[in-house]
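The figures here come from the full heavy-atom set of this structure, side chains too, leaving out hydrogens, waters and symmetry mates. First the proteins, then the strands, lettered A, B, ... as listed; each starts at 1.
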Amino acid sequence: MSKTRRQLEDEMREEMEFHRQARIDDLVRTGLSAEEAARRARLEFGNAEAHREECRTVLGFRPWDELRADLRYTVRTLRRSPGFAVAAVAILALAIGANASFFTLYANYVLKPMPIRGVERHFDVTGRNSEGRRTGGWTPAEQAVLQEAAADSVEGFYTAETLQMLAMLVPGHCLVTEVSGNYFALLGGAASRGRVIGEADKNEPVAVISETGWRKLMPGEADPLGKTVKFKRKVYTVIGLMPASFTGTAAAVTDLWVPTTRESPNISGLLREGVAPARAQAAIGAAAARLERPSDRAVVRVEVELRSGFLPNNEDVNAAAAMVLGVFLMVMLIACANLANLYLARAAARTHEVAMRLSLGASRARVVRQLLTESTFVAMLGAAGGLGVAALTMHYANAYIGRFAGGMGMSMVAITLDWRVFLYSAGLALVAGVAFGLLPSLEITSPSLTVSTKRENSSFAGRVRPRRMRDLLIGGQVAASLVLLILAGVLVRNIQRIDAVDPGFDLERVFDLRVEEATPELRAVLERAPGVASLSAVEHVPLYGQFKGTPATNRVDHRYFETLALRLEAGRNFTAQEAQFNAKVAVVSRATAMKLWPGENAIGQIVTVNKTEKYQVIGVVGDIVTGFLFQGKDATAVYLPAAAGQPGMKSFLARLQTAPAAVRTLCVANGVGCEPGPMREIARLQRAIFQGAAAISGSLGVLALLLTAIGLYSVASYSVMQRRREIGVHLALGATQGQVIRRILGEAGRCVAGGLLAGLPVCLGLSKLASASVFRIETFDPAAYLLVPALLTLIAFLACAMPARRAAHLDPMLSLREE
Amino acid sequence: MSAPVLPGTLDLLILKAVSLGPQHGYGVLLRIEQTSGGNLGIEQGALYPALFRLEKQGLIESEWGVSENNRRAKFYTLTAAGRKRLKEEVGMWNKLAEGMTLALAAKAAK
């Protein structure tokens with residue numbers, strides 16, 4: 001039954017033609033003339049086209065025929081008003097483009113399967129102790145126990161720990177992933193040259209290099225195999241090269257894979273085919289509970305969670321994504337409201353046409369369907385444009401993420417548009433098309449309006465309902481723009497606050513040397529080097545996170561305060577001796593002294609840290625910021641003496657007067673990798689989160705504002721055009737131009753004011769929510785709350801000014817004579 | 001003046017006509033007119049949507065052939081499903097007709 005449409009049509013005609021001929025023959029045989037017989041046959045047959053149409057319905061062609069006709073009609077209509085078509089498509093392209101861009105990120109990190117074998121069976125294991133905290137750390141022996149216990153349901157466990165390490169030979173960090181011996185075999189990774197790491201390589205100093213690693217670590221080298229790379233005083237020989245298609249199990253592309261030698265905080269694996277995660281969870285959980293561990297690390301429960309993307313597709317990730325998505329959908333909503341508005345305005349102009357079709361016998365459903373076809377078609381064009389916008393955005397996003405990650409020594413898997421994004425955009429367009437098309441179509445075909453075949457009515461009656469709806473839509477847009485712009489404003493103000501924060505030390509001159517190993521020997525060499533004004537070994541580097549404990553402590557050597565240029569406000573500094581032998585003395589910050597001994601002299605007091613250890617205070621220094629800059633200076637800081645080479649003293653801070661490259665060269669010459677980074681850079685990374693959020697909400701806000709302005713302008717223009725008769729009457733009856741302008745602006749003003757009043761409580765509610773979240777940001781910003789409504793009002797005024805002016809300059813005689 | 005066909009009965013008439021042997025559309029029409037004694041007025045064109053519908057339901061099937069006066073024509077035959085349906089419908093119709101006749105023949109009780 002694979003006849004084409006044309007064949008079926010032809011057969012249908014032939015069959016009916018046969019009927020007609022046979023009937024004519026019979027009638028002629030009864031004695032009628034040929035002409036009379038043809039006439040009779042035609043009459044008896046009835047309306048042939050109607051019968052054929054019914055046959056087509058039976059065959060299921062009707063919907064397609066109508067769709068084709070609707071589309072033809074749509075194209076013709078849009079061609080007649082190209083301005084409207086371009087505006088509608090552009091609005092949608094921007095809104096859908098923004099949404100598709102965000103969805104692309106989500107699809108790439110959460111939905112897109114990792115390039116590994118059996119990805120649909122891939123899972124992560126999380127162990128929880130009796131308090132529900134993560135137990136972390138599984139030793140290789142424990143992993144073997146789990147593997148044996150869960151052999152029925154789990155094909156294999158693997159571990160992969162990605163670390164930032166310093167390579168000796170090249171500047172910059174690189175990513176090294178320590179993997180279990182079965183990593184490549186289990187996940188189906190095959191080397192393009194050489195071989196992969198296997199179980200036998202457990203304690204061997206061998207490495208597999210990625211394409212990115214090859215370019216980064218040994219540029220210009222024709223063959224990486226057999227070459228060596230040095231990390232942490234260990235020399236690894238490259239035994240294999242992975243193809244670019246194998247990027248591993250993280251979004252950051254690793255440079256080198258080496259065999260793991262330690263316990264691993266995370267284990268993952270592949271389920272056997274057809275095994276439910278719950279079964280594996282039960283088996284692993286039972287085995288994990290039997291592991292001998294100290295009580296705080298004892299596993300009472302494990303979670304087995306399937307994960308096929310880089311990020312787990314779980315509630316936490318999706319809740320966060322949904323929050324951001326909400327902001328993007330708000331823009332989509334504005335765009336839809338806007339288009340509904342444009343359509344309503346146009347609908348008002350098309351009531352005559354629609355009323356005509358209805359009175360010619362088209363059913364209301366049929367006309368609504370035609371109008372929806374039109375709006376959906378426009379939405380699909382918008383989706384096509386939106387994909388273009390998304391592709392462009394992702395081009396820049398890739399570059400931005402690349403730069404950002406590159407600053408941390410990482411390269412990321414490139415973000416690509418794929419079928420998921422196409423599907424999402426098309427779906428969004430379909431929903432949008434129906435959403436912004438439905439209201440206007442229902443409105444325009446509503447029975448009360450069909451009276452308007454008599455054009456007389458169109459200028460006074462019949463417009464009341466669409467106008468109220470338009471006002472509501474405009475108000476909604478104003479409200480949504482307000483929320484987005486205030487959000488952007490608040491974020492920008494927070495960036496300014498971050499920039500204005502005084503960290504308490506010099507960000508420009510102080511460098512975190514980021515040495516591979518902070519040895520006393522290296523310290524001695526560097527201290528004497530020209531250009532190094534001051535050098536200090538420290539446990540924690542400021543700005544990477546607030547010091548821990550109450551009071552918070554940091555172990556530093558005797559030149560720390562000099563390096564950071566912290567002024568000693570009272571007492572004295574540690575001596576080198578005290579640092580070397582961890583004397584029971586401490587230097588505290590001013591805030592600590594004020595807090596613990598208000599109104600007293602802090603010198604000579606005893607401070608207790610970690611509940612039991614007692615130190616005598618010998619000095620007081622200024623306060624500094626150690627966590628996020630916006631958190632401000634630390635409430636407490638107790639500095640304890642320690643020296644390079646002691647456990648935990650991992651970092652060197654230096655005040656440099658030369659270019660940092662000289663220091664690096666010196667370190668490498670001494671056999672230690674080093675990558676000096678100014679503290680300013682760390683501060684900049686802190687800023688990046690806010691900058692990104694502000695950039696996104698700001699551009700969405702501007703987009704919303706633009707859309708709202710277009711919406712206001714078009715609605716005001718249409719309303720003026722539509723009511724020119726009414727306005728003409730007003731003018732003819734002696735209204736001044738000023739009165740007309742005031743009236744038009746007043747009407748627009750009411751919607752804008754309504755929108756502002758509706759939007760402000762939403763903003764305040766959201767800021768309440770945000771201030772309760774983890775980020776301690778300032779959520780109420782009077783400037784944003786004053787400036788944004790003012791800006792919106794101004795834009796609204798500008799958008800309506802021109803139509804209002806046009807209304808005032810109408811020639812009453814002309815507009816009255818028009819009908 | 002012939003009585004208009006009751007809604008829903010055209011399908012039954014067609015099935016019956018086709019059950020008497022393969023026939024083209026015009027033949028089906030003639031057969032209905034002959035067997036009903038010309039009492040049923042059918043708009044001739046309306047036959048075709050009904051034939052299409054029955055074919056779609058799998059009650060009849062069609063094949064192109066040559067008519068008695070050597071023209072190409074589409075012939076319809078009853079399928080097994082059609083035969084079964086015809087039997088059911090005839091049974092139902094008879095019951096209905098019987099009931100109706102009885103009901104209409106009833107006289108007021110004296």
Side-chain angles (χ1 to χ4, degrees), chain A residues 1-66 69 361 363 366, chain B residues 1-5 7-8 10-11 14-15 17-18 22-34 36 38-77 79 81-82:
Chain A
M1 270 303 283
S2 51
K3 282 179 185 161
T4 64
R5 171 76 200 269
R6 170 144 304 189
Q7 273 172 333
L8 285 166
E9 277 287 330
D10 287 347
E11 287 189 3
M12 195 156 71
R13 273 173 196 286
E14 194 181 346
E15 192 176 4
M16 289 185 183
E17 180 57 23
F18 168 81
H19 180 112
R20 203 174 69 87
Q21 286 296 342
R23 185 67 187 157
I24 290 173
D25 290 352
D26 280 358
L27 288 172
V28 167
R29 233 171 279 140
T30 61
L32 286 179
S33 71
E35 263 170 51
E36 181 58 16
R39 202 183 68 85
R40 278 275 292 278
R42 202 166 55 236
L43 278 176
E44 286 173 351
F45 199 81
N47 185 346
E49 188 46 45
H51 293 311
R52 271 200 292 277
E53 195 55 34
E54 215 175 313
C55 290
R56 285 184 201 118
T57 311
V58 171
L59 290 172
F61 289 144
R62 262 295 274 292
W64 297 111
D65 288 351
E66 285 175 4
S363 69
R366 184 73 194 80
Chain B
M1 186 72 212
S2 50
V5 181
L10 182 58
D11 287 8
I14 293 173
L15 285 178
V18 175
Q23 196 52 271
H24 48 70
Y26 184 59
V28 170
L29 177 83
L30 290 180
R31 215 174 254 173
I32 293 176
E33 286 197 336
Q34 279 163 16
S36 65
N39 283 332
L40 302 168
I42 301 170
E43 193 181 55
Q44 297 182 5
L47 195 63
Y48 289 91
L51 282 168
F52 274 58
R53 191 161 48 240
L54 290 171
E55 185 172 10
K56 183 122 196 192
Q57 290 169 4
L59 302 176
I60 56 178
E61 52 194 11
S62 67
E63 203 178 357
W64 285 89
V66 180
S67 74
E68 50 277 24
N69 43 16
N70 277 328
R71 289 216 196 94
R72 227 168 85 81
K74 199 167 162 191
F75 285 82
Y76 294 91
T77 39
T79 64

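Both the backbone and the side chain of A:L59 come within less than 4.5 Å of a heavy atom in chain B. For A:E17, no part sits under 4.5 Å from any heavy atom of chain B, backbone or side chain.
Among residues 19-32 of chain A, the residues having any heavy atom closer than 4.5 Å to a heavy atom of chain B are, in sequence order, A:H19, A:Q21, A:A22, A:R23, A:D25, A:D26. Heavy-atom proximity under 4.5 angstrom to chain A picks out B:Q44, B:G45, B:A46, B:Y48, B:P49, B:F52 from residues 44-52 of chain B.
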Distance-only donor-acceptor pairs under 3.5 Å for side chains of residues 53-60 of chain B, two or more places apart:
unit_1	atom_1	unit_2	atom_2	d
B:E55	OE2	B:S62	OG	2.7
B:K56	NZ	A:V58	O	3.4

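Of the listed residues A:E54, A:R52, A:E15, the one with more heavy-atom pairs under 4.5 angstrom with chain B than any other is A:E15.
The 12-atom threshold is not exceeded at CD of A:E35, counting heavy atoms of other residues, nucleotides or ligands nearer than 6.0 Å. At most 12 non-hydrogen atoms from other residues, nucleotides or ligands lie less than 6.0 angstrom from CH2 of A:W64. The 12-atom threshold is not exceeded at CD of B:E63, counting heavy atoms of other residues, nucleotides or ligands nearer than 6.0 Å. Around atom CZ of A:R42, no more than 12 heavy atoms belonging to other residues, nucleotides or ligands sit under 6.0 Å away.
Note: A:M16 CE to B:Y26 OH = 15.5 Å, rounded to the nearest 0.5 Å.
In terms of the side-chain hydrogen bond (donor to acceptor under 3.5 Å, both in side chains) criterion, residue partners of A:D65 (sequence neighbours excluded) are, by chain and number, A:R5.
Put simply, the side chain of B:K74 does not reach to within 4.5 Å of the side chain of A:F18, judged on heavy atoms.
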